[in-house]
Amino acid sequence: MTRVRFAPSPTGYLHVGGARTALFNWLFARHNKGTFVLRIEDTDQERSTEASIEHIIEAMQWLGINWDEYYRQTERSKRHQQAALELMDRKLAYEHDGAWWFRVPEQGELTFHDALLGDITFRHEQLKDFVIRRSDGSFVYNFVVVVDDADMRITHVIRGDDHTTNTPRQILLYQALEKPLPQFAHLPMILGPDRTRLSKRHGVTSVLEYRRRGFLPEAMVNFLARLGWSHGDQEVFTGDQLIELFTLQGVGSSAAVFDEVKLHWINQQHMKAADLDRIVELVKPFALKDDLITEAMWDQAGKDRLLTGAKLLRDRSKTFADLASSMRVLFPVPLEKEENVVLSQQKKEVLQAVIGALSTIEEFTPENVQEAVRTALKERGVGLRDVAHDYRMAITGTGVGPGLFDMMSVIGRDCVKSRLKEIL
RNA sequence: GUCCCCAUCAUCUAGCGGCCUAGGAUACCGGGUUUUCAUCCCGGCGGCAGGGGUUCAAAUCCCCUUGGGGACACCA
């Protein structure tokens with residue numbers, strides 16, 4: 001039975017590196033029909049906070065990384081004490097300056113097999129004796145991790161590369177405790193654009209910050225998975241596909257740079273594929289964020305119009321923030337226009353006729369609008385090309401966007417007419 | 001400094017001795033489609049860090065150099 005764990009220390013938010021570690025463990029567990037354990041390593045009382053725990057949990061839930069078992073390391077201190085005592089009794093550890101030290105043999109070397117890195121050898125003399133219990137009675141990470149992983153019968157320890165050098169000490173502890181060794185797999189790090197370890201100074205590193213900025217969780221998962229893992233030439237994956245396809249063999253061994261540009265592209269791919277109802281639901285808070293559009297206006301717009309609007313606009317949106325701002329034209333709010341439209345007298349007369357034609361349409365569908373407008377223009381010898389940009393600017397405030405008639409239809413007759421009148 | 005790991009286009013990567021005059025994706029640059037933009041389609045740009053071996057054959061195996069990352073706490 002496969003058992004893996006994600007063991008974050010709650011000293012801050014869940015960052016993208018931790019999220020990827022969690023994801024790989026979770027994918028591995030789900031792929032192998034195993035168990036995924038979430039263990040909060042909150043033994044550092046100074047730095048651990050409840051808020052961090054809540055944040056980590058919220059981030060994991062957002063990503064859809066669910067767990068089968070949940071532990072808090074502080075709740076296990078009795079077991080840690082028991083295990084430490086055992087080592088003391090068996091003279092494998094000794095006391096010095098009030099702390100308990102694990103004895104590392106002076107001679108010899110230790111080789112372990114890493115599923116990703118291959119065989120790695122350390123000489124004992126490089127390890128030196130190390131503290132397992134501090135003089136204040138608390139336990140050190142390298143010790144509790146081993147006791148917990150052994151107790152929880154973790155079969156595969158999949159974690160960041162930065163733990164590679166901890167591994168030999170931990171193996172020594174497994175042996176001292178007479179526990180079976182798990183398989184180790186150390187994932188390459190995620191780097192910032194300057195090729196140093198990803199950190200705050202690289203900008204956004206909090207997973208939930210990406211939710212706030214309008215990314216889809218499945219896009220985040222897809223992107224994180226592709227950072228270090230691959231499956232041939234495929235770039236876009238659903239969650240289920242990732243579970244089906246994920247193996248450690250597909251994981252690379254060199255560090256990867258976090259590329260936000262590609263994240264945007266992947267998010268766009270997932271936005272195009274997502275269920276429209278869900279898109280509308282998720283974009284709502286972004287639309288309401290700046291107070292320009294009220295909840296009442298949103299509800300008044302009606303489901304169909306929101307659905308149609310989202311459908312028209314999502315192809316050119318990288319995030320929900322983008323989509324929300326382009327959906328603003330659907331509401332009866334003043335538009336910020338990219339440029340001022342000034343019509344000639346002749347064009348004004350044409351526009352009068354067009355507005356008149358719009359009034360006669362029975363059902364304000366794109367097809368009907370198109371026919372009415374084209375007819376009105378044709379009768380006056382004006383090409384659509386001659387006026388499309390002006391009308392678009394008046395109606396949407398921007399020179400770019402979906403088809404003019406689609407937009408007119410979804411924005412609605414009254415709003416379109418009043419916006420067109422503004423440029424008369 | 002010591003130890004550990006890594007090394008294919010700007011970036012993510014395919015490649016696990018011959019299918020490689022190195023494939024895909026993002027980005028970028030052209031073209032097509034469109035009333036515009038985006039999407040979409042087509043095309044282009046661009047890389048095996050360097051040097052030695054091994055082999056009939058090396059991006060792939062070995063060694064060295066260089067470069068990068070990480071670890072060296074009574075933090076996790």
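Letters go in sequence order (proteins before strands), and every chain restarts at 1.
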Distance-only donor-acceptor check, side chains [X] and [Y], under 3.5 Å:
X	Y	result
A:Thr43	A:Arg72	no
A:Asp119	A:Thr111	no
A:Glu339	A:His389	yes
A:Thr167	A:Thr164	no
A:Tyr94	A:Asp129	yes
A:Asn25	A:His156	no

Partner of [N] by Watson-Crick or G-U wobble geometry, both contacts under 3.5 Å, or none?
N	answer
B:rG30	B:rC42
B:rG1	B:rC72
B:rU36	none
B:rA14	none

Mind checking the [atom1] distance from [N] to [M]? Whole angstroms is fine.
N	M	atom1	result
B:rA14	B:rC20	C1'	12 Å
B:rG30	B:rG68	C1'	35 Å
B:rA25	B:rC19	C1'	22 Å
B:rC48	B:rU60	P	12 Å
B:rU33	B:rA38	C1'	12 Å
B:rU8	B:rG24	C1'	13 Å
B:rC6	B:rC42	P	38 Å
B:rG52	B:rG69	P	28 Å

[X] [atom1] - [N] [atom2] separation (whole Å):
X	N	atom1	atom2	value
A:Leu187	B:rG69	CG	P	19 Å
A:Phe122	B:rG70	CZ	P	16 Å
A:Lys128	B:rA71	NZ	C1'	13 Å
A:Gln126	B:rC5	CD	C1'	14 Å
A:Arg195	B:rA49	CZ	C1'	13 Å
A:Arg314	B:rU39	CZ	P	14 Å
A:Leu323	B:rU39	CG	P	15 Å
A:Asn222	B:rU13	CG	P	13 Å

Taking the inter-plane angle between the rings of [X] and [Y] on a 0 to 90° scale, is it parallel (under 30°), tilted (30 to 60°) or perpendicular (over 60°)?
X	Y	value
A:Phe184	A:His186	parallel
A:Tyr13	A:His55	tilted
A:His231	A:Phe237	perpendicular

If each of A:Leu198 and A:His96 is mapped to the nucleotide of RNA chain B with the nearest heavy atom, which maps nearer the 5' terminus, i.e. the 5' end?
A:Leu198
Need to verify one output field. Residue with the more 5' nearest nucleotide on RNA chain B, A:Leu404 or A:Ala99?
A:Leu404
How would you summarise protein contacts on nucleotides 24-33 of chain B per nucleotide, using B for base, S for sugar-phosphate only and - for none, with heavy-atom distances below 4.0 Å?
BBSS------
Examine A:Arg213 relative to A:Phe215 and say whether NZ or CZ is less than 6.0 Å from the centre of the six-membered ring and inside a 45° cone about the ring axis.
no
Within the 4.0 Å heavy-atom criterion, would you say [X] contacts the bases, only the backbone, or no part of the nucleic acid?
X	answer
A:Asp386	nothing
A:Ser135	base
A:Ser48	nothing
A:His163	base
A:Ala256	sugar-phosphate
A:Asp136	nothing
A:Pro8	nothing
A:Gly383	nothing
A:Arg197	sugar-phosphate
A:Ser9	sugar-phosphate

Can you tell me if A:Asp259 uses its side chain to pair, donor with acceptor, with the backbone of A:Val261 under 3.5 Å?
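Yes, the answer is positive, given that a donor and an acceptor are paired below the 3.5 Å cut-off.
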Look at the side chain of [X] and decide which nucleotide, out of [options], has an atom nearest to it.
X	options	answer
A:Ile120	B:rC3, B:rC12, B:rC5	B:rC5
A:Arg316	B:rC37, B:rG70, B:rC12	B:rC37
A:Tyr141	B:rU39, B:rC4, B:rA76	B:rA76
A:Thr43	B:rU35, B:rA76, B:rA7	B:rA76
A:Arg392	B:rU36, B:rA7, B:rC3	B:rU36
A:Arg374	B:rC12, B:rC6, B:rU35	B:rU35
A:Asp315	B:rU39, B:rG70, B:rU11	B:rU39
A:Arg385	B:rA71, B:rU36, B:rC6	B:rU36
A:Val131	B:rC74, B:rU36, B:rC6	B:rC74
A:Lys272	B:rU39, B:rG70, B:rC4	B:rU39

Taking only side-chain nitrogens and oxygens of A:Ser230, does any of them come within less than 4.0 Å of OP1 or OP2 of B:rA14?
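Checking B:rA14 against A:Ser230, a side-chain N or O does come within under 4.0 Å of OP1 or OP2.
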B:rC4 OP1/OP2 closer than 4.0 Å to side-chain N/O of A:Thr121
no
Ring centroids only, cut at 6.0 angstrom: are A:Phe130 and A:Phe143 within range, meaning strictly under it?
no
